[in-house]
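First the structure, in the form of structure tokens, and then the observations on it.
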Amino acid sequence: TWGTTSCVNCEVGRYNTGTGNSDCSDCSIGTFQNSVGQGSCSGCGTGTWAPTTGLSVCQNCPAGKFSDGTVACADCDAGKYTSSNSAGSCSSCPAGTYQPNTGMSYCLYCPLGQITGSAGLSICSSCSVGTFHNVAGSSTCNTCAIGKYDTFGGRAECDDCPPGTFRDSGQPSTMCGNCGVGKYTDVSASTSCLNCPAGRY
């Protein structure tokens, strides 16, 4: 039997560091080798990972996960997201949106009547009494317009002041004032009261 006349290259996904060896070793988890006959493996790049041994290419982290290339792909925290594959980090949900779950690729608008006033939040807060929020994605609550009021908080719209009452800019947005003696209003959402005409009170 004749001896070996040549040496065989290590396959992709494998390596051999020394001389005179009889076999090659698989690249370890987190590393890869895409060329034959190599003496080492390379670490995965940002946004990728090799979850098993002996790989010739690292796998992209899916949307909602991230990696700096030195650890396995991990879920984005609550309040954060990544919508692209192979992300090296997650982004904070912008103000006006939230994300209560981990590992997500998107953020949610707060329900009407609720907001997040800053980025990276996992829960929305209700608008305070006397204010409202009716625009999806808005990060602020607005004071009830004159002629309207609110006593509950967390509202998408304020209530009209009922007939016989009014609210102008000098009154708090949590209440309507009664028309005074000799004055009236017979419509809703009044901003002032009218004088009773002559012969009436």
Side-chain angles (χ1 to χ4, degrees), residues 1-128 133-141 153-154 156:
T1 301
W2 299 101
T4 301
T5 58
S6 63
C7 296
V8 179
N9 284 327
C10 292
E11 303 94 333
V12 293
R14 311 192 78 197
Y15 72 104
N16 189 323
T17 57
T19 60
N21 291 320
S22 60
D23 199 3
C24 300
S25 300
D26 286 343
C27 292
S28 61
I29 291 175
T31 67
F32 76 104
Q33 181 50 257
N34 58 6
S35 299
V36 299
Q38 299 301 305
S40 64
C41 300
S42 301
C44 293
T46 299
T48 66
W49 182 248
T52 60
T53 62
L55 293 184
S56 61
V57 63
C58 296
Q59 300 175 4
N60 289 331
C61 294
K65 295 178 179 287
F66 72 103
S67 174
D68 63 2
T70 65
V71 294
C73 299
D75 287 344
C76 292
D77 292 336
K80 296 188 175 186
Y81 77 105
T82 174
S83 58
S84 61
N85 295 327
S86 65
S89 62
C90 300
S91 300
S92 294
C93 291
T97 68
Y98 74 111
Q99 179 49 260
N101 301 310
T102 60
M104 302 306 291
S105 61
Y106 57 90
C107 300
L108 303 167
Y109 287 132
C110 289
L112 298 184
Q114 299 181 26
I115 63 165
T116 52
S118 58
L121 297 182
S122 61
I123 189 171
C124 301
S125 299
S126 294
C127 292
S128 60
H133 165 258
N134 61 1
V135 179
S138 173
S139 60
T140 57
C141 299

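- Between A63 and N85, the closest heavy-atom pair is N-OD1, 3.1 Å.
- At distances below 3.5 Å, not a single donor-acceptor pair connects side-chain atoms of N60 with backbone N or O atoms of P62.
- Distance OG/S42 to CD/Q33: 5.5 Å, rounded to 0.5 Å.
- Side-chain atoms of Q38 come within 3.5 Å of backbone N or O of V36 as a donor-acceptor pair.
- Taking 4.5 Å as the limit, every side-chain heavy atom of N134 sits out of range of all side-chain heavy atoms of S138.
- The CD1 atom of I29 sits 12.5 Å away from the SG atom of C41 when rounded to the nearest 0.5 Å.
- Taking SG of C24 as the start and CD of E11 as the end, the distance is 6.0 Å to the nearest 0.5 Å.
- The two atoms that bring Y98 and P111 nearest to each other are CE2-CD, 4.3 Å, heavy atoms only.
- Put simply, the side chain of N16 gets close to the backbone of D23: a donor and an acceptor are under 3.5 Å apart.
- N101 has its side chain within reach of Q99: a pair of non-hydrogen atoms, C-beta onward, lies under 4.5 Å apart.
- Here the straight-line distance linking atom OG of S56 with atom CG of N34 works out to 7.0 Å at 0.5 Å rounding.
- In this structure, the separation between SG on C110 and NE2 on H133 is 7.0 Å, given to the nearest 0.5 Å.
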Derivation and outcome, side-chain contact (heavy atoms from CB on, under 4.5 Å), residues F32 and C58: CA-CA 6 Å; F32 76 104; C58 296; 3.4 Å; yes
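- Residue K80 comes nearest to C76 through the heavy atom pair O-CB, 4.0 Å, listed as atom of the first residue, atom of the second, then distance.
- Heavy-atom minimum distance, L121 versus T116: CD1-CB, 3.8 Å.
- Of all the heavy atoms in R14 and D26, the pair that sits closest is NE-OD1, 2.9 Å.
- The nearest pair of heavy atoms linking S67 to C61 is CB-SG, 3.5 Å.
- The OH atom of Y81 sits 7.5 Å away from the OG1 atom of T97 when rounded to the nearest 0.5 Å.
- At least one side-chain heavy atom of F66 sits less than 4.5 Å from a side-chain heavy atom of C90.
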Applying side-chain contact (heavy atoms from CB on, under 4.5 Å), run through Y15 and S25 and close with a yes or a no. CA-CA 5 Å; Y15 72 104; S25 300; 3.7 Å; yes
